[in-house]
Amino acid sequence: MAKKIKNESPIKSLAGYGGQRALRKKIERSTTIASNKEAIAHTLLSVANTTVMDVMSWDENGVFIKDSKDITSIAAQAIKKVRFTPEGKIIDIEFHDKGPFMRLLAQASGMLDKQDQSDKPSVIGINVKSPETIDNGEDT
């Protein structure tokens, strides 16, 4: 007969700790984010790298919005809102603000971390004064 192995819960018992619900929610959120790190990074990079050229083009004849089938899923993630006329013609495309996405990416990559100051030389100000000489009138 096969031996049964008891599956241990990845979350140990929180009994005896104050604020169990809040702690459980934090743990569940962090495991959800941890298991989806690549998808989150992909979305952040998609929004940060999409340009208006991915959605439309223009020339001397005017502005042309690409068909939805020609817009990549990467570029589509950067679109926040699309406004239409009653006839169904697109009149406005609003993109997500790249600033917060760029800040998150810079923070995640360590670009915003303070640099370690231990390798830099210390600058110490030293003022040297010579002793005051008194002339006693004797020749040496």
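In this text, all values refer to a predicted model and were calculated from it rather than measured experimentally. One is the number of the first residue; the rest follow in order along the sequence.
- Across all non-hydrogen atoms, the minimal contact from I79 to I93 is CG2-CG2, 4.1 Å.
- L105 pairs with exactly one of L44, V47, N49 by the side-chain contact (heavy atoms from CB on, under 4.5 Å) rule, that one being L44.
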Evaluate I90 against V82 for side-chain contact (heavy atoms from CB on, under 4.5 Å), listing each step before the verdict.
CA-CA 7 Å; I90 296 175; V82 179; 4.0 Å; yes
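- Hydrophobic clustering places F84 together with V63 (ILVMFWY residues linked when any side-chain heavy atoms are closer than 4.5 Å, directly or through intermediates).
- Summarising the geometry of W58 relative to F64, their closest heavy-atom pair is CA-CD1, 4.4 Å, with the distance given to 0.1 Å.
- Nearest heavy atoms, M102 versus A48: SD-CB, 3.3 Å.
- A distance-only check finds a donor-acceptor pair linking the side chain of D59 to the backbone of N61 [under 3.5 Å].
- Of all heavy-atom pairs between I65 and M56, the closest is CA-CB, 4.1 Å.
- Of all the heavy atoms in Q77 and H96, the pair that sits closest is O-CD2, 3.4 Å.
- Looking at every heavy atom in both residues, A78 comes nearest to T50 through CB-CB, 3.6 Å.
- Linking ILVMFWY residues whenever their side-chain heavy atoms come closer than 4.5 Å, directly or via other members, leaves F95 and F101 in distinct clusters.
- Connection of I40 to I74 is not established within any shared hydrophobic cluster, with ILVMFWY side chains joined at heavy-atom distances below 4.5 Å, either directly or through further cluster members.
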